[in-house]
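This report concerns only the one structure given below.
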2 protein chains.
Amino acid sequence: MTDRDGTAPGLARLAGLIADETRATCLLALLDGRAWTAGELARHAGVAPSTLSEHLGRLVAGGLLAEERQGRHRYVRLADARIAHLVEDLAGQVAPQAAARRAPTLGASGARSAMARGRTCYDHLAGRLGIALTDALTGRGLLRQDTGFALTDAGLGWFDDVGIRLDRTSRRPLARPCLDWTERRPHLAGVAGAALCRHALDAGWCVRIGSQRAVKVTPEGERALSEALGIDPAALR
Amino acid sequence: MTDRDGTAPGLARLAGLIADETRATCLLALLDGRAWTAGELARHAGVAPSTLSEHLGRLVAGGLLAEERQGRHRYVRLADARIAHLVEDLAGQVAPQAAARRAPTLGASGARSAMARGRTCYDHLAGRLGIALTDALTGRGLLRQDTGFALTDAGLGWFDDVGIRLDRTSRRPLARPCLDWTERRPHLAGVAGAALCRHALDAGWCVRIGSQRAVKVTPEGERALSEALGIDPAALR
DNA sequence: CCGATGCTTCGGTGCCCGCCGAAGGATGGC
DNA sequence: GCCATCCTTCGGCGGGCACCGAAGCATCGG
């Protein structure tokens with residue numbers, strides 16, 4: 001008569017996949033959108049390879065991860081954008097408490113502040129860079145936030161002018177808000193967010209720093225962003 | 001250096017709260033947006049009151065539920081719309097498999113088909129009714145889905161004309177998609193969805209059936225919906 | 001080929017937690 | 001005041017699962 005018959009067990013199983021600190025650590029790491037090897041994740045999470053192997057088995061069986069075997073390496077990544085969205089969303093709910101608790105004790109502030117400046121969040125840009133882009137798009141009437149989160153017609157034109165092709169046929173929404181857990185504000189995700197991120201990396205507007213998901217805006221990027229969206233380069237530093 | 005320091009334990013704890021079939025059952029039941037007593041939930045979930053009491057303790061401590069004590073009754077409800085959204089989202093991910101498995105075995109089809117026709121989903125309308133409203137709003141240019149999910153200026157005017165006041169100051173988005181797990185399509189949630197649902201109940205467009213969250217469109221409702229949005233009454237039956 | 005590397009499988013251990021029933025407040029009705 | 005109802009607390013039980021190390025299997029490099 002109610003949801004019990006079907007949804008509840010599935011819901012519990014899905015949540016159970018995330019309800020382990022080691023697996024949660026993996027999922028958050030994989031939010032950078034890239035594929036990690038099993039060994040990298042094991043070292044990252046601080047557990048034995050054998051332990052992590054079992055975790056990966058569960059996550060893949062549960063549909064959260066996709067795997068790809070190459071030689072003796074097992075590469076895994078988040079199965080799709082929906083899963084990434086899910087993890088982001090859950091992590092966003094956590095941030096309010098965790099961030100407050102974490103703030104006074106931050107240690108390696110260099111890497112952290114680089115992350116705060118700009119980073120990828122699965123397949124789009126986050127951090128102050130992501131916010132700056134979102135604000136600039138909104139300020140120029142290309143993106144609406146007041147009545148929802150959607151590109152305007154002018155926004156569609158802007159993407160076209162810059163030379164970014166948007167896949168309008170995808171079932172994924174063109175524009176979607178993603179809560180940023182350093183800035184605590186939504187930034188642009190969805191097809192448009194992903195395309196913008198890809199373009200920014202392809203065109204050399206920004207480059208990845210080190211092996212983490214932090215990104216840095218290049219001098220050309222500053223010029224391009226200033227010209228295309230009127231973003232003050234100083235806001236990105 | 002990564003998310004491990006702070007987010008991962010919180011994420012695992014949050015997911016852990018949902019990762020139990022009994023608790024999941026409660027959360028799904030509470031998606032109707034109303035307050036349930038501990039005893040009702042215990043019977044609903046099929047466990048001893050003592051067991052459920054502990055579950056409620058966890059859920060409240062974890063911030064997922066809000067409680068209100070009235071005499072010897074303990075009423076609980078979802079803490080806020082964000083939590084409801086979270087549970088909806090997770091349940092939406094589950095549906096693809098669970099629904100397929102469930103379809104051939106449905107037993108009490110009366111109650112289920114009533115739910116499929118129309119129901120509340122936390123604080124907005126879902127089921128075929130919710131889809132019909134969303135489609136009608138979209139078809140009339142009041143709601144855009146192609147570039148995101150947002151009310152248009154005409155949509156703002158429509159709400160005003162119908163006499164539905166929208167709280168523009170809330171941090172909650174005006175329009176937000178919520179995945180319907182009987183229809184598998186997004187319907188209108190957010191401030192506008194909640195206001196529309198409240199208005200529909202207040203104005204007698206529809207009434208709740210029984211103690212579940214199913215709703216039925218009244219004859220006046222059919223007239224009003226036909227007039228205000230051009231919805232064919234037959235589509236709601 | 002042979003060793004090094006990456007991953008998986010398999011016991012074994014220990015902890016966590018969901019469950020119940022019994023007993024103990026607390027509240028409301030009579 | 002007394003009993004019924006609702007909820008909570010407390011042992012105790014049982015199952016599930018996260019973890020490790022050792023052994024085994026594939027792959028890659030010399």
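In what follows, every heavy atom counts, from backbone to side chain, and hydrogens, waters and symmetry copies are set aside. Sequence lines set the chain letters: A, B, ... in the order given, protein chains first and strands last, and positions in each chain run from 1. Everything quoted here is computed from the prediction, not taken from an experiment.
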Can you measure [X] atom [atom1] to [N] atom [atom2] for me and round it to whole angstrom units?
{"X": "B:Leu52", "N": "C:dC19", "atom1": "CG", "atom2": "C1'", "result": "12 Å"}
{"X": "B:Arg43", "N": "D:dT5", "atom1": "CZ", "atom2": "C1'", "result": "11 Å"}
{"X": "B:Glu67", "N": "D:dC7", "atom1": "CD", "atom2": "P", "result": "12 Å"}
{"X": "B:Leu56", "N": "D:dT8", "atom1": "CG", "atom2": "P", "result": "7 Å"}
{"X": "B:Arg72", "N": "D:dC6", "atom1": "CZ", "atom2": "P", "result": "6 Å"}
{"X": "B:Arg69", "N": "C:dG25", "atom1": "CZ", "atom2": "P", "result": "16 Å"}
{"X": "B:His55", "N": "D:dT8", "atom1": "NE2", "atom2": "C1'", "result": "14 Å"}
{"X": "A:Arg74", "N": "C:dT9", "atom1": "CZ", "atom2": "P", "result": "8 Å"}

Given [N], is OP1 or OP2 found less than 4.0 Å from the side-chain N or O atoms of [X]?
{"X": "A:Arg23", "N": "D:dC17", "value": "no"}
{"X": "A:Ser50", "N": "D:dC19", "value": "no"}
{"X": "A:Thr51", "N": "D:dA18", "value": "no"}

Exercise for the section: Decide, yes or no, whether a salt bridge links A:Arg34 with A:Glu40 under the criterion of side-chain N to carboxylate O below 4.0 Å. Expected result: no
Problem - Short N-O contact, B:Asp123 and B:Arg172, less than 4.0 angstrom - result: yes
Practice task
Identify the residue among A:Leu64, A:Leu31, A:Asp32 that makes a side chain to side chain contact (heavy atoms under 4.5 Å, CB included) with A:Leu78.
Solution key: A:Leu31
Exercise for the section: Return the nearest nucleotide to the side chain of B:Glu54; candidates are C:dC7, D:dT9, D:dC7. Expected result: D:dT9
Fill in the blank from the handout: Nearest-nucleotide check on DNA chain D, A:Arg58 vs A:Gln70; residue mapping nearer the 5' end is A:Arg58
Problem - A:Trp205 and A:His199 aromatic ring geometry - parallel, tilted or perpendicular at 30°/60° bounds - result: perpendicular
